[in-house]
Structure formats: C-alpha cells, structure tokens
Amino acid sequence: MADRSGAPGAGAEAQLLLDRCDELAAISSEPDRLVRVHLSKEHKAANELVAQWMTEAGMSTWQDAAGNQCGRIEGSEPDLPALLLGSHIDTVPDAGRYDGMLGVLLAIQVVSRLRGRSLPFAVEVVAFSDEEGTRFGTALLGSRALAGTWDDEWWNLTDEHGITLFEAFQDFGLDPARLPGAFRRPENLVGYLEAHIEQGPWLEDADRSLGFVTSIAGARRFELTMVGKAGHAGGSPYDRRKDALVGASELVVEIERLSKQQHVIGTVGKLEVFPGGVNVIPGRVEFSLDLRAEFDDDRDEALRLIHEAAEEIASRRGLHFHAHEFYRADAVVCDLDLRAAIEAGIRSTGDAAPLGLYSRAGHDGMAVVAVAPIAMLFLRCKGGVSHHPDESVTRHDVAAALDAFEAAVLALAEAAAA
Ligand code: GLV
Ligand code: MN
Ligand code: MN
C-alpha cells in the first residue's frame with residue numbers, strides 16, 4: 001500500500017508513539033502479561049509518565065479528582081472552551097498495548113504539533129482512568145466522573161480483594177468527597193475526539209488504514225447464576241441430578257445461538273464452578289454476560305429471549321437462575337459536525353472516500369457524550385485482534401492516524417473561526 005502519511009517526519013513520530021506504547025506496556029502489575037487496573041500503583045506510574053509527555057508537548061498538567069490524567073494548551077486567549085482529545089490507560093487482564101494507550105499518545109502528539117498555533121479553542125488531552133472496568137466491574141468510571149453521571153452506589157463496589165472503590169480512591173491519594181470536582185461543564189467543552197484501534201477486522205478487510213465511527217454500540221453486562229445441588233459424582237443417578245454446570249453450559253450455547261439470530265453480540269467471558277471438585281456435581285455456577293448491539297432495542301429484545309431461554313433451561317433441569325445487571329451504557333451516535341471533521345482528516349491523508357463503521361467496542365465517548373458531542377477515528381489493527389497481547393498496528397497506519405487526527409482538529413478550528 002502506498003505511504004499516504006505526508007507530513008515530514010511522520011514516520012519518526014509514529015515510531016516514537018509505538019515506543020511509548022512499549023514503555024507504558026512495561027508498567028504492569030504482572031511480570032509476564034500486561035495488567036494495569038484502575039487506581040493501582042501501576043495506574044499512578046502510568047499517569048506520571050503520561051504527564052511527563054504532556055509537559056514535553058507544552059501542556060499544563062493535572063490529575064483530576066477521579067484519577068484521570070489531564071493536560072491543556074490554551075487557545076488564542078486564556079480560558080476558552082476546550083476541545084477534548086483522549087482515550088484510556090487502564091487495561092483488561094493480559095491486554096494488548098494499543099487499546100486506549102495509543103489514542104492517548106496520538107492526542108498528545110497532535111498537541112505537540114499544534115503548539116504555537118492560535119486556535120479558537122483550548123485543547124485538552126485526557127487519559128481516562130478506567131474504561132475497561134477490569135477492577136470494579138463497572139466500566140467508564142473516569143469518564144463518568146468527568147461527565148457528572150457518577151452514581152454514589154459505586155463507592156461500595158469491591159475488587160477481587162474486597163477493597164471498595166471508596167478505599168481504593170483513598171489508597172491512591174484521592175479524596176472521594178472531591179469527586180464532583182472532576183465534572184466538566186458542557187459550556188466549557190467544544191467536543192470530544194478519540195482515536196482508537198478498531199478492535200475488529202473491517203478496516204483490514206477493506207484495505208484501509210483509517211475509518212470514522214458512526215456510532216458506538218450499547219452494552220449491558222450481567223452476573224448470571226445457575227443454582228442446582230452439589231452431590232456425589234458417582235452416587236447420583238442422572239434423573240436425580242441438579243447439575244448447575246450442564247444448565248449453564250446449555251445457556252452459554254443458547255446465548256450464542258440467540259445472539260446470532262438477533263444480530264447482536266453476546267459473550268460469556270467468565271465462568272466459575274462451585275464447589276469445584278473433580279468428583280462433585282456442580283452445585284452453583286457464576287458466569288457473565290456481555291450483550292451489545294448497534295441499536296439498543298435489538299440488544300434488549302435479545303436479552304428478553306435469553307432470559308426466556310434461561311428460565312426454560314432452569315425449570316427443565318430443576319435449577320434456579322438469577323441475573324444481576326452491573327453495567328449498562330446505551331448506544332451513542334457520533335456528532336455529525338465532529339464526524340465530518342474526522343472524515344476531512346482522513347481525506348487529507350489521501351483516502352478520498354473514508355469508510356464509516358460503528359464501533360462494537362465500548363469507549364469513553366459513551367460517557368463523555370453527556371457533556372459534549374463526540375466523534376472517533378479508528379485505525380486498523382492486525383487481524384482485528386484486541387484484548388489480547390497479539391494486538392498489533394503498523395507504523396504506517398499510526399503515521400496516517402496522526403496526520404488525520406491533527407487535520408480533524410484543524411478542520412474544527414477552521415469551522416469555529418469561520
Ligand atoms: C471495551 O473495551 C469493551 O469491552 O468494549
Ligand atoms: Mn478495551
Ligand atoms: Mn479501549
């Protein structure tokens with residue numbers, strides 16, 4: 001493919017960003033895989049490194065009341081409303097090194113390029129503290145604090161060690177009482193742009209480096225429990241068993257079948273069997289459901305069918321089924337003006353007809369939209385692989401993304417000045 005990244009030195013800048021992704025990937029709570037969760041000491045170290053890069057790019061920096069790392073350059077005069085650029089720096093367990101991080105680094109590099117220009121808005125970069133929800137289950141905690149959609153019930157969420165979110169804030173050096181200070185008023189914001197790896201194969205299949213996002217799929221997440229009765233693996237005849245795992249397994253397969261049928265995306269990513277003995281009939285199974293779709297109505301109809309299937313399986317097998325919803329984010333449509341700026345940015349890299357696609361993955365913009373219009377730039381990732389250490393991008397595509405992201409900001413500046 002021809003190298004479309006036109007700016008002189010773009011390849012070197014892209015390499016710098018890839019090197020920085022490697023540096024961030026080294027900040028992990030585990031030696032052999034990347035895990036960096038919300039409010040951990042690794043989160044603190046990553047914030048410090050990101051703050052250093054923000055400073056080098058000419059920004060004033062601060063960590064907000066929710067642990068989001070922020071940086072800002074002023075526009076043509078002080079205190080103008082800000083265009084936010086950003087992504088997240090927390091990870092899933094055994095993560096790749098580009099999901100979130102690359103978007104933060106692209107944003108910082110765009111600011112570095114724009115430094116010294118007189119823009120009709122301030123530009124801020126936010127490295128969100130928690131998009132994945134790995135530690136406390138509920139995702140988007142950083143961006144929801146910024147958007148003022150925080151729910152005080154979340155303070156009691158616990159991590160796998162029983163530490164509450166409230167305690168984790170204090171351990172990190174944050175004061176929970178000050179959380180409202182992270183809220184950003186809509187009148188002080190121009191919009192939010194995020195660059196992110198695609199996390200799907202569509203750009204690669206279409207032989208494109210970049211694409212613009214039309215909307216972000218809405219997701220709902222549940223803890224599911226199937227309860228039966230534990231018993232001796234040898235002494236229990238089949239017609240008297242209440243095997244919770246066989247029931248849960250049936251439901252897992254049914255979730256896939258119904259999700260395909262309803263054109264939604266259903267995933268069971270966690271499953272624990274109790275009591276967990278090789279010669280014991282499983283008495284209880286706890287498992288997860290992540291259900292997402294381009295349109296919320298489709299997702300909710302699939303959910304209704306999954307519930308029906310679960311009840312039917314449970315009653316046929318003499319089991320009890322419970323579902324507890326712990327996360328919900330509805331689908332979000334990208335703002336047409338911001339989207340047009342992203343499209344113009346992509347066109348400036350030589351792609352005359354940019355590809356639009358909806359994001360199957362969740363992003364901080366789903367929360368930020370409560371206070372500002374949002375849009376996103378996607379860049380191709382190898383094989384569409386993400387949430388896996390094999391995540392991979394090319395220097396060429398990173399250079400193109402940098403050019404396009406900068407051009408998108410300049411297109412907005414031009415529109416705002418007109
Ligand atoms: C976030 O990465 C998600 O699960 O969509
Ligand atoms: Mn992710
Ligand atoms: Mn992400």
Side-chain angles (χ1 to χ4, degrees), residues 21 24-25 28 33-38 43 46 50 68-69 85-107 125-144 192-203 211 213 215-223 259 264-270 288-294 296 299 325-332 357-369 374-381 384-393 398 401 405:
C21 285
L24 278 174
S28 171
R33 56 181 207 154
L34 173 53
V35 190
R36 191 172 54 245
V37 299
H38 190 205
H43 174 194
V50 165
N68 299 311
Q69 180 59 49
L85 311 178
S87 192
H88 60 97
I89 55 166
D90 66 316
T91 77
V92 294
D94 202 11
R97 58 191 55 201
Y98 303 111
D99 174 3
M101 282 75 85
L102 182 56
V104 172
L105 298 176
L106 280 163
V125 176
V126 188
F128 285 108
S129 59
D130 170 71
E131 187 276 323
E132 304 286 9
T134 305
R135 183 166 179 191
F136 292 101
T138 288
L140 303 172
L141 289 173
S143 39
R144 283 177 163 172
Y192 172 70
L193 300 183
E194 176 166 350
H196 203 286
I197 57 168
E198 182 201 349
Q199 305 182 283
W202 286 274
L203 287 174
V213 175
S215 67
I216 306 175
R220 296 177 71 174
R221 294 183 184 153
F222 299 83
E223 282 163 5
S259 298
V264 305
I265 311 166
T267 303
V268 175
K270 281 169 105 171
S288 62
L289 170 63
D290 174 302
L291 196 64
R292 39 182 104 192
E294 184 172 11
D296 294 335
R299 176 198 63 189
E325 182 164 22
F326 62 92
Y327 172 77
R328 177 180 180 142
D330 287 342
V332 162
L357 63 173
Y358 87 90
S359 173
R360 279 88 173 160
H363 298 287
D364 290 294
M366 299 171 92
V368 178
V369 76
I374 67 143
M376 292 188 71
L377 170 71
F378 268 177
L379 69 144
R380 171 170 56 184
C381 58
V385 172
S386 182
H387 285 186
H388 189 279
D390 286 350
E391 248 173 34
S392 174
V393 293
V398 173
F405 209 29

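In this chain, residues are counted from 1 in sequence order. One-based numbering, in listed order, for ligands and for the atoms of each.
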With respect to Ile197, which candidate in Val385, Val393, Val398 satisfies the side-chain contact (heavy atoms from CB on, under 4.5 Å) definition? Val393
Can a donor-acceptor pair be found, under 3.5 Å and without considering hydrogens, that links the side chain of Ser288 to the backbone of Gly269? yes
Do the side chains of His387 and Gln199 get nearer than 4.5 Å, heavy atoms only? yes
Within the 4.5 Å heavy-atom criterion, are Leu377 and Leu193 side-chain neighbours or not? no
Relative to the Mn ion (ligand 2), which of the N, O or S atoms in His387 is the closest? NE2
Identify, with sequence neighbours excluded, every residue that meets side chain to side chain contact (heavy atoms under 4.5 Å, CB included) alongside Pro389. Asp94
Cation-pi, Phe378 ring and Arg380 (6.0 angstrom, 45 degrees): no
Are Arg299 and Asp330 close enough for a salt bridge, meaning some N to O gap below 4.0 Å? yes
Heteroatoms of the protein, restricted to N/O/S, which lie under 2.8 Å from the Mn ion (ligand 3): His88 NE2, Asp99 OD1, His196 NE2
Residues that Thr91 engages under side chain to side chain contact (heavy atoms under 4.5 Å, CB included), provided they are two or more places apart: Leu34, Arg36, Ala95, Met101
Residues with a heavy atom under 4.0 Å from ligand 1, by chain and number, are Glu131, Glu132, Arg221, Arg292, Ala361, Gly362, His387
Mutual orientation of the aromatic rings belonging to His43 and His38 [parallel < 30°, tilted 30-60°, perpendicular > 60°]: tilted
Looking at Ser28 and Arg33, would you say the former's side chain and the latter's main chain have a donor-acceptor pair under 3.5 Å? yes
